[in-house]
Amino acid sequence: MSTTGEAKFSVMCSLFNWIQKSKTSAKKRSKFRKFLDAFCGPGDYFAAVRLILPGLDRERGSYGLRESVLATCLIDALGMSRDSPDAVRLINWRKGGAKDSKQLVAAPPRRLVRGFGSNAFSKVALASLVGGGAVLQSRQGMTSGGLKIKELNDLLDRLASSDNRAEKTSILSDLIKKTNAQEMKWIIMIILKDLKLGMSEKSIFHEFHQDAEDLFNVTCDLKLVCEKLRDRTRRHKRQDIEVGKPVRPQLALRVGNSSAAWKKLHGKEVVVECKFDGDRIQIHKKGKEINFFSRNFLDHPEYGHGMSEIIVQNVLVDRCILDGEMLVWDTTMNRFADFGSNQEIAKAAKEGLDSDRQLCCILTSEFSMTANLAWETIRLDVAFDILYDGDTSVIHQSLKERHELLRKVVKPIKGRLEILVPNGGLNTHCSSGIPRCSLIAYSVDDIERFFKETIENRDEGIVLKDLESTWEPSDRSGKWLKLKPEYVRAGSDLDVLIIGGYYGSGRRGGEVGQFLVGLAERAAPNTYPRRFISFCRVGTGLSDEELDAVVTKLKPYFRKYEHPKKAPPSFYEVTNHSKERPDVWIDSPEKSIILSITSDIRMIRSEVFAAPYSLRFPRIDRVRYDKPWHDCLDVESFVELVRSSNGT
Ligand code: ATP
């Protein structure tokens with residue numbers, strides 16, 4: 001048996017191709033098992049496993065190569081001119097590439113993988129096949145470059161540790177020299193941290209070792225798992241959680257409505273909590289050393305700014321893990337800020353910028369001394385659980401007991417560090433001011449009432465928890481249930497009017513690529529609406545041709561409102577939010593066009609747009625040339641629709 005380090009990467013590529021092509025899970029698993037048996041020595045499982053589960057490898061850190069940067073680096077690494085058709089195609093990976101590079105579509109494995117990896121494959125394949133890239137031209141089409149697994153890991157280490165783009169480009173160029181197009185495709189997938197093999201992480205762990213998944217769940221350390229379990233036949237004693245090592249979070253199972261939730265938890269003692277719309281956070285305290293781990297187990301020291309001190313002083317034990325949600329509390333508006341503000345606030349805090357928003361942690365008690373945190377417009381950590389207390393893990397205790405511990409261990413600081421326990425802590429206000437954030441439910445009506453309250457307050461939904469349940473890493477079996485408005489009913493089409501346009505970038509630079517759409521103010525009987533209220537921004541869903549047709553039709557009515565007269569036409573009601581301001585307005589609603597838009601009916605309270613709700617992921621379903629402008633949905637009907645879809 002060779003060792004993994006000596007083995008060629010081409011062997012892994014054949015494995016990846018085979019797994020991807022196999023239809024059944026049993027076949028995929030058996031191939032992977034055979035690979036481990038034949039090509040991996042006990043000392044170097046990690047070298048192979050980290051390539052097949054790149055999303056779990058924390059050893060290497062981030063490559064700092066999101067798709068667009070990677071595309072540019074690859075273009076440079078291939079020595080292509082940035083405006084050549086192939087380079088343009090690569091830059092436009094998201095849109096499936098520029099239309100004029102028809103040959104690229106012919107590259108065979110394009111059908112096999114989705115997303116950027118396939119495009120890049122096409123690019124590299126084309127480069128090898130038709131000689132588009134100077135480097136690959138000199139090589140023999142699909143002949144393997146002979147790269148070894150060890151060599152690849154070394155180069156990937158260098159790629160992650162270098163912080164300048166020129167060096168990254170040179171490493172990519174090195175990789176291109178040592179691989180063929182097929183191998184390079186897989187390397188790109190590894191860099192993008194998703195191989196899309198159609199084989200679950202659970203199966204991969206299981207084939208490697210029976211205890212691998214358990215051990216990973218409590219350590220989030222792939223290297224440690226591979227090293228500790230190098231004897232694949234020997235069982236490993238179950239390991240408990242440790243302060244300083246992130247644990248994979250307990251998760252919630254989605255349910256459709258209150259009755260389904262009640263039925264599922266029938267006979268159990270149930271606590272219902274507000275579902276905060278922040279970021280999951282795990283706070284580890286070891287004396288003065290505080291770690292903030294995100295849901296994907298990355299350490300975020302920047303969250304500690306202004307917060308670590310609070311934790312040191314107000315978490316009354318030396319060692320502890322709190323599980324919670326981090327929120328941002330808006331001190332001016334006196335409510336939680338919109339989702340997405342967290343990183344912004346953390347960055348501002350790190351840079352020492354003043355902000356009238358702060359992060360807040362809401363802690364919930366679930367492991368042995370952990371708290372769940374939520375952040376409000378000032379940083380607010382809301383602990384809803386505790387996983388570790390003193391020198392013991394408490395995840396095996398019931399939630400009820402953990403709530404008690406949470407009360408003892410955390411001294412809440414209003415608006416900064418709150419605990420979420422029944423009849424205590426945060427119960428005086430929820431995200432947008434509801435009277436309770438958590439209550440014990442005795443009937444389905446209690447759940448329904450609480451759910452409606454949260455919806456009225458435009459919160460994310462509710463989480464139901466079995467008070468007798470233990471906290472289990474990565475478990476989504478139904479100890480926690482989540483009920484969110486958008487699951488109550490799938491999205492229905494909304495007919496809205498285009499009132500403005502935003503210029504696109506890249507290929508659509510200088511052309512309108514997205515629209516600002518509006519809802520009508522309800523008109524008096526037998527009259528047409530006179531005002532339109534800005535509602536959301538939408539750009540996806542149409543083909544290039546369809547988009548071009550709409551833009552061409554509306555172009556004569558585009559009006560820029562240049563400084564100093566920035567006011568929009570008087571028949572539009574808009575906010576002053578800069579994110580809303582389109583590049584052009586439609587100067588007359590009668591000339592405009594109705595679009596049918598869909599979304600998962602995830603209504604978000606709208607600060608950016610004038611309508612009370614907006615949609616989180618809207619897309620254009622079709623252009624309604626058949627509908628006159630005045631058939632636009634009005635705000636009142638829309639609000640009724642939201643209410644009825646929420647069951648309120
Ligand atoms: P979602 O997009 O719905 O948050 P998810 O897959 O990220 O889904 P789930 O397990 O479905 O996570 O939902 C649990 C998440 O909800 C937690 O990770 C946490 O961030 C968030 N959350 C907000 N409030 C609570 C709460 N009171 N108790 C537990 N989790 C909460």
Side-chain angles (χ1 to χ4, degrees), residues 217 246-256 261 270-283 292-298 300 303 322-328 336 338-340 342-343 359-367 370-376 380-387 395 399 402-403 406 418-422 424-427 429-432 434 436-441 447 450-451 453-454 457-467 469 471-488 600-604 616-617:
N217 283 345
V247 193
R248 283 186 122 180
Q250 161 87 50
L251 299 169
L253 184 73
R254 189 188 285 198
V255 281
V270 177
V271 62
V272 195
E273 295 173 353
C274 174
K275 189 171 193 305
F276 297 98
D277 197 4
D279 287 334
R280 184 78 172 261
I281 193 90
Q282 215 176 79
I283 302 180
F292 296 84
F293 293 112
S294 62
R295 162 138 187 212
N296 51 0
F297 32 90
L298 288 175
H300 286 271
Y303 289 165
L322 297 173
D323 184 13
E325 190 86 350
M326 185 171 61
L327 304 167
V328 178
F336 290 115
D338 271 351
F339 176 79
N342 291 358
Q343 281 80 3
L359 288 173
C360 170
C361 227
I362 298 182
L363 306 164
T364 63
S365 77
E366 299 260 317
F367 297 171
T370 293
N372 290 338
L373 309 167
W375 298 67
E376 293 193 35
L380 163 71
D381 288 351
V382 180
F384 46 77
D385 224 312
I386 175 160
L387 317 187
I395 56 174
L399 175 56
R402 296 197 309 275
H403 278 155
L406 201 53
E418 304 266 17
I419 55 171
L420 184 58
V421 289
L426 203 66
N427 281 351
H429 63 261
C430 201
S431 330
S432 31
I434 64 165
R436 289 165 304 186
C437 280
S438 146
L439 91 165
I440 310 278
I447 298 176
F450 190 78
F451 184 52
E453 267 178 40
T454 58
N457 286 283
R458 302 175 192 165
D459 286 316
E460 239 226 340
I462 58 174
V463 184
L464 300 102
K465 297 173 181 173
D466 170 5
L467 275 167
S469 65
W471 195 103
E472 233 173 273
S474 200
D475 169 84
R476 207 198 279 269
S477 65
K479 292 170 177 181
W480 292 6
L481 301 176
K482 62 178 169 182
L483 179 56
K484 301 207 279 191
E486 69 263 39
Y487 305 140
V488 177
D600 62 355
I601 294 277
R602 170 139 202 195
M603 305 302 165
I604 50 168
R616 196 168 256 182
F617 301 115

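Indexing begins at 1, ligand by ligand and atom by atom, following the structure's order. Sequence positions, counted from 1, serve as the residue numbers for this chain. Since the model is a prediction, treat every value here as computed from it, not as a measurement.
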For L251, the ligand 1 atoms whose distance to one of its heavy atoms is below 4.0 Å: 10 (O)

So which heavy atom on I447 is nearest to which on I462, and how close? CG2-CD1, 3.9 Å

What atoms of ligand 1 come closer than 4.0 angstrom to any heavy atom of R476? 6 (O), 9 (P), 10 (O), 11 (O)

Atoms in ligand 1 with a heavy atom of A252 nearer than 4.0 Å: 9 (P), 10 (O), 11 (O), 13 (O)

Heavy atom under 4.0 Å from ligand 1: found in K275's side chain, backbone, both, or neither? both

Does at least one non-hydrogen atom of R254 fall below 4.0 angstrom from an atom of ligand 1? no

Short N or O distance, C274 and ligand 1, threshold 3.5 Å exclusive: yes

Any V271 side-chain heavy atom under 4.5 Å of S438 side chain: yes

Any side-chain heavy-atom pair from N217 and E472 closer than 4.5 angstrom? no

To the nearest 0.5 Å, tell me how far K484 NZ sits from K275 NZ. 4.5 Å

Looking only at heavy atoms, what is the nearest atom pair of L464 and A261, with distance? CD1-CB, 3.9 Å

Quick one: does D279 get an N or O within less than 3.5 Å of an N or O on ligand 1? no

Do you know which two heavy atoms are closest between R295 and P249, and how far apart they sit? O-CD, 4.0 Å

Evaluate L420 for polar contact with ligand 1, using N/O atom pairs at a separation under 3.5 Å. no

May I ask you to check whether W480 has an N/O atom sitting below 3.5 Å from an N/O atom of ligand 1? no

Would you confirm whether Q282, through its side chain, and V247, through its main-chain N or O, come within 3.5 Å as a donor-acceptor pair? yes

So R476 and R254, do their side chains get closer than 4.5 Å, heavy atoms only? no

Taking side-chain hydrogen bond (donor to acceptor under 3.5 Å, both in side chains) as the test, write out the residues that go with D475, two or more places apart. Q250, S477

Nearest candidate to atom 18 (O) of ligand 1, where distance is taken over non-hydrogen atoms, out of R280, E273, K484: R280

Specify side chain, backbone, both or neither for R295, according to which of its non-hydrogen atoms lie closer than 4.0 Å to ligand 1. side chain

Looking only at distances, can you tell me whether any N or O atom of F276, backbone or side chain, sits closer than 3.5 Å to an N or O atom of ligand 1? yes

Would you say Q250 has any N or O atom under 3.5 Å from an N or O of ligand 1, going by distance alone? no

